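Okay, so here's the structure we're looking at.
Every value quoted in this text rests on a predicted model; they were computed, and no experiment measured them. Side-chain atoms are counted along with the backbone in the values below, which use heavy atoms only and exclude waters and symmetry mates.
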Amino acid sequence: MAGLVKWRDADSRSITNLSDGHRVKLIGWVFTKRVHSNKVFFMLRDRYGYIQLVGDSERLGDAFKQVSEIPVESAIAVEGVVKRDPRAPGGVEVHIDKVDVVARADVWPITPSVAKSPEAMFDLRHLTIRGPKSRAVLLTRSALVQAAWEYFVNNDYVLITAPTFITSAVEGGATLFELKYFDRKAYLTQSSQFYEEAAICVFEKVFVMQPSFRAEKSRTRKHLTEFLHIEAEVAFADHEDIMDVEEELVKYIVNRLNELVPKEVEYVRGSRLPDIDSRFERISYDEAIEILQRKGFDISWGEDFGADEERALSEEFDVPFFVYGFPTVTRSFYHMDDPTRPEVTLSSDLMAPEGFGEITSGGQRIHEYDYLLSKIRRMGLNPEEYGWYLEIRKYGMPPHSGFGMGVERVLRWLLHLPHVRDATLFPRTPSRLYP
RNA sequence: GCCGCCGUAGCUCAGCUGGUAGAGCACCGGGCUGUUAACCCGGGGGUCCCCGGUUCGAGUCCGGGCGGCGGCGCCA
């Protein structure tokens, strides 16, 4: 921090505590500019927000013309005095008498009409992220990750990092990104789950926060080809236990966001996040099917929910809820079958309410070697591709459960964003690989 | 992979039954004592996505391709 003092001794946030006439040095970027014959108004943007700068020809003298010609988005350092004025946005402004252009900007390409075009905005994402909405979303994202981190660390979890290059699929093989790994084929990871399962035999409780990659050509508002995946895995834990963890985590995140970034949430969402204190309802897959049939959907037991079904179901709730006990045929091989009802698995999805749908997915994993081997064979997969993953079952693997959460999906739900691509700095979709 | 919509100025879009291209924003010049997407006056700016066809003539009609968007399936 000491290094910054030569540049600034106040900022857009701290300035509201200073009295009129206080002299300040500020740094930032010219967010907007309005020029009159003898006055210029800048909105200065810095890390904390916005503050209006006023330059008038009397105070600036000969420099006025030069100052009024500073292009939008130039980086500047200014000196001036604090002045409260009801006409200033936020009620405080700085009357400047000294301006340094630290880095002059070219003509700013983002115009009001560009802002109306999502494609144009994402083509210029390296610049459009400077806007107030992206700023608020990305700050909220940072706070969300912080909150999740806090939850895990406070509860004695250990952070691990899993490899990004892998050799076999966790989810369906069709959605693997293939790449050249010297003279071999490798893939980008879809999930760190298998590596977490190895690590729980050291730490009992582990979590990861890292990207997962899925080559799904999904044209929807809830899919990215690269997303931030928060996953956790817990030893000596059953399916009920892991639903408790997911519920606690989501509640912790929501309540913490209200503390960390209340203004940003309100700016984007239009309202404060409602506190969640009620217990998340847990409905079985069978109940969900009945609800949907009652609502007139043509769906029968054993089918996975389509988008319409998921939306309709989640509109029935105003806080998140679990759907558990999905049919064995609809879930990946590693899910443990319910011992009392082998046609369903000990698995669940946590659904965001109000039509947003799935935000986490979890369940109990198979921990016995012979059981897992037979299920791999039953589902037509090749056991040789799961060598080490099977082998850890030979060396003291206790019952265990885990889940994965899509950060962009949670953020989309919490902030009511139109698309998950709005929830990340540089989104990757089937058609977008740049910038 | 499937279904639907779209492609004209940097951006948003208009362009009728085919007759040789327009507006707003942005940009440039000028004006303006307090702006909140400032305003007022003036100016420059085009491979009408590509290829082929019909026609005296295609932004417009027909065929094919490419690209984008929305949705489905799949998922976090």
Of the options [options], whose atoms approach the side-chain atoms of [X] most closely?
X: A/Arg87; options: B/U35, B/U12, B/A26; answer: B/U35
X: A/Thr111; options: B/A76, B/G68, B/A26; answer: B/A26
X: A/Pro112; options: B/U12, B/C75, B/A37; answer: B/A37
X: A/Arg214; options: B/G34, B/C11, B/C75; answer: B/C75
X: A/Arg219; options: B/U35, B/C11, B/C72; answer: B/C72
X: A/Gln52; options: B/G73, B/U35, B/A76; answer: B/U35
X: A/Arg311; options: B/A76, B/C72, B/C69; answer: B/C72
X: A/Phe227; options: B/G34, B/A76, B/C69; answer: B/A76

If I pick the [atom1] atom on [M] and the same atom on [N], what distance separates them, to the nearest angstrom?
N: B/A9; M: B/G52; atom1: C1'; answer: 27 Å
N: B/G46; M: B/C50; atom1: P; answer: 15 Å
N: B/G70; M: B/C32; atom1: P; answer: 47 Å
N: B/C6; M: B/C39; atom1: P; answer: 33 Å
N: B/C11; M: B/A26; atom1: C1'; answer: 8 Å

Classify [X] by what it touches in the nucleic acid, base, sugar-phosphate, or nothing, heavy-atom distance under 4.0 Å.
X: A/Asp304; answer: sugar-phosphate
X: A/Glu226; answer: nothing
X: A/Glu231; answer: nothing
X: A/Ser218; answer: base
X: A/Pro89; answer: base
X: A/Glu93; answer: base
X: A/Ile110; answer: nothing
X: A/Thr220; answer: base
X: A/Arg421; answer: sugar-phosphate
X: A/Ala88; answer: base

What about A/Glu119: does its side chain form a donor-acceptor pair under 3.5 Å with the base of B/C11?
no
Yes or no on ring-ring contact (aromatic ring centres under 6.0 Å, His included) for A/Tyr334 and A/Tyr389, after CA distance, side-chain angles and deciding distance?
CA-CA 10 Å; A/Tyr334 53 75; A/Tyr389 184 66; 7.2 Å; no
Where along residues 30-43 of chain A does a heavy atom come under 4.0 Å from RNA chain B, residue by residue in number order?
A/Arg34, A/Val35, A/His36, A/Ser37, A/Asn38, A/Lys39, A/Phe41
Over all heavy atoms of both residues, which pair between [X] and [Y] is shortest? Give the atoms and the distance, please.
X: A/Tyr285; Y: A/Gly325; value: CB-O, 3.1 Å
X: A/Tyr195; Y: A/Ala162; value: CB-CB, 3.8 Å
X: A/Glu287; Y: A/Arg282; value: OE1-O, 4.3 Å

Atom-pair distance ([atom1] on [X]; [atom2] on [N]), nearest Å:
X: A/Lys222; N: B/G70; atom1: NZ; atom2: P; answer: 15 Å
X: A/Lys217; N: B/G67; atom1: NZ; atom2: C1'; answer: 14 Å
X: A/Leu414; N: B/A76; atom1: CG; atom2: C1'; answer: 14 Å

Base-pairing mate for [N] - Watson-Crick or G-U, with both contacts under 3.5 Å:
N: B/C13; result: B/G22
N: B/G29; result: B/C41
N: B/U54; result: none
N: B/C72; result: B/G1

Go nucleotide by nucleotide along RNA chain B from the 5' end; which of A/Lys116 and A/Val420 gets its closest nucleotide reached first?
A/Lys116
If each of A/Trp108 and A/Gly306 is mapped to the nucleotide of RNA chain B with the nearest heavy atom, which maps nearer the 5' terminus, i.e. the 5' end?
A/Trp108
Please list, chain by chain and in numerical order, all residues satisfying ring pair (Phe, Tyr, Trp, His ring centres under 6.0 Å) with A/Tyr267, sequence neighbours excluded.
none
Assess, by modelled atom type and distance only, whether the side chains of A/Ser212 and A/His229 contain a donor and an acceptor separated by less than 3.5 Å.
yes
With sequence neighbours left out, write down each residue that passes side-chain hydrogen bond (donor to acceptor under 3.5 Å, both in side chains) with [X], or none if nothing qualifies.
X: A/Thr330; result: none
X: A/Arg294; result: none
X: A/Arg84; result: A/Asp20

Residues 306-333 of chain A vs salt bridge (Lys or Arg N to Asp or Glu O under 4.0 Å), sequence neighbours excluded, gives A/Lys222-A/Glu310, A/Lys295-A/Glu316, A/Asp308-A/Arg311, A/Arg331-A/Asp349
